[in-house]
Amino acid sequence: MIRARVVVASNRAAAGVYADTSGPLLVAGLRELGCTVDDPVVVPDGEPVGQALRAAVADGVDVVLTSGGTGVTPTDRTPDVTRAVLDYEIPGIAEAVRAHSRDRVPTAVLSRGLSGVAGRTLVVNLPGSSGGARDGLAVLGPILAHTVDQLRGGDH
């Protein structure tokens, strides 16, 4: 069983200004992929994301998907704090997510989302939109079980 966690980076959702929609979509998608996952953790962008990522790694979670904070505005800090937590990056996953979206949503190429490994936890930054969440799940679906197996020491 793959243990997953969803971390939503949203200053406004964390403050209760509006209800996040991408987090529940990611939770449902991960469950459809056979993962065990609780409700999303909603935090402000920036260091609270890093704290949530470190907590997930400490808890031995297999996969963490973040939603939001990947753009180019001054408050979009998720990739920066993620990079500080990662032991190494897997650029192909983030590139595939952007490529999957770019023909329909040209601004998808502005996402600075990263993916990589912290300890034995796969971390993938996704855009905060529901479309970005769906695109991320479409890319991850075919590779998630294999990736987790590899991180657990499985053979190629």
*Asks:* Please tell me whether Val42 and Tyr18 are part of a single hydrophobic cluster in this structure, the criterion being side-chain heavy atoms less than 4.5 Å apart.
*Replies:* no
*Asks:* Using a cut-off of 6.0 Å, state whether more than 12 heavy atoms not belonging to Asp38 lie near its atom CG.
*Replies:* no
*Asks:* First locate atom CG of Leu140, then atom CG of Leu137, and finally report the distance between them rounded to the nearest 0.5 Å.
*Replies:* 6.5 Å
*Asks:* When you group the ILVMFWY residues by side-chain heavy-atom contacts below 4.5 Å and let the links chain together, are Val49 and Val6 in the same group?
*Replies:* no
*Asks:* Assess the residue pair Val124 and Val139 against the criterion (side chain to side chain contact (heavy atoms under 4.5 Å, CB included)); give the C-alpha distance rounded to whole Å, side-chain angles, the decisive distance to 0.1 Å, and a yes or no.
*Replies:* CA-CA 11 Å; Val124 180; Val139 168; over 6 Å; no
*Asks:* So if I apply the side-chain contact (heavy atoms from CB on, under 4.5 Å) rule between Arg5 and each of Leu53, Val27, Thr36, Asp59, which one comes out positive?
*Replies:* Asp59
*Asks:* Tell me, with the steps shown, if Leu144 and Leu30 meet side chain to side chain contact (heavy atoms under 4.5 Å, CB included).
*Replies:* CA-CA 10 Å; Leu144 193 60; Leu30 286 166; 4.1 Å; yes
*Asks:* Out of curiosity, Arg112 CZ to Thr78 OG1, how far, rounded to the nearest 0.5 Å?
*Replies:* 8.5 Å
*Asks:* Does the side chain to side chain contact (heavy atoms under 4.5 Å, CB included) test come out yes or no for Thr75 and Asn11, once each step is laid out?
*Replies:* CA-CA 9 Å; Thr75 59; Asn11 296 331; 4.1 Å; yes
*Asks:* Should Leu126 and Val81 be counted in the same cluster of Ile, Leu, Val, Met, Phe, Trp and Tyr side chains packed under 4.5 Å apart?
*Replies:* no
*Asks:* Is there a side-chain contact between Arg3 and Val63 in this structure, where contact means two heavy atoms from C-beta onward sitting under 4.5 Å apart?
*Replies:* no
*Asks:* To check you understand the geometry: which heavy-atom pair defines the closest contact between Thr121 and Leu151, and what is its length?
*Replies:* C-CD1, 4.3 Å
*Asks:* Check Val8 against Gly23 and note the closest heavy-atom contact, atom names and distance.
*Replies:* CG2-CA, 3.7 Å
*Asks:* Are Val64 and Ile90 linked, directly or through intermediate hydrophobic residues, by side-chain heavy-atom contacts shorter than 4.5 Å (ILVMFWY only)?
*Replies:* no
*Asks:* Between Asp62 and Arg120, does any side-chain N to carboxylate O distance fall below 4.0 Å?
*Replies:* no
*Asks:* Can you find a heavy atom in the side chain of Ser115 that is under 4.5 Å from one in the side chain of Pro91?
*Replies:* no
*Asks:* Looking at Arg31, I want to see if its CZ is surrounded by more than 12 non-hydrogen atoms of other residues, nucleotides or ligands under 6.0 Å.
*Replies:* yes
*Asks:* So do Leu86 and Val117 actually touch side chain to side chain, heavy atoms under 4.5 Å?
*Replies:* no
*Asks:* What's the shortest heavy-atom distance between Gly69 and Pro79, and which atoms?
*Replies:* O-CD, 3.1 Å
*Asks:* Starting from Val97, can I reach Val105 by hopping between I/L/V/M/F/W/Y residues whose side chains sit under 4.5 Å apart?
*Replies:* no
*Asks:* What's the verdict on side chain to side chain contact (heavy atoms under 4.5 Å, CB included) for Ser101 and Asp135, showing C-alpha distance, side-chain angles and the deciding distance?
*Replies:* CA-CA 7 Å; Ser101 307; Asp135 290 343; 2.5 Å; yes
*Asks:* Under 4.0 Å between a side-chain nitrogen and a carboxylate oxygen: does that hold for Arg77 and Glu47?
*Replies:* no
*Asks:* Which atom pair, heavy atoms only, marks the closest approach of Ala138 to Pro142?
*Replies:* O-CD, 3.2 Å
*Asks:* Would you name the heavy atoms of Pro127 and Ser67 that are closest together and state the gap between them?
*Replies:* O-OG, 3.5 Å
*Asks:* Sub-3.5 Å donor-acceptor pair from the side chain of Arg98 to the main-chain atoms of Ile93, do we have one?
*Replies:* no
*Asks:* What heavy-atom pair brings Asp87 and Gly119 nearest, and what distance separates the two atoms?
*Replies:* OD2-N, 2.5 Å
*Asks:* Any donor-acceptor pair under 3.5 Å linking the side-chain atoms of Asn125 with those of Thr66?
*Replies:* yes
*Asks:* Supply the atom-to-atom distance Cys35 SG to Leu33 CG, rounded to the nearest 0.5 angstrom.
*Replies:* 5.5 Å
*Asks:* Using the salt bridge (Lys or Arg N to Asp or Glu O under 4.0 Å) criterion, which residues pair with Asp45? Sequence neighbours excluded.
*Replies:* none
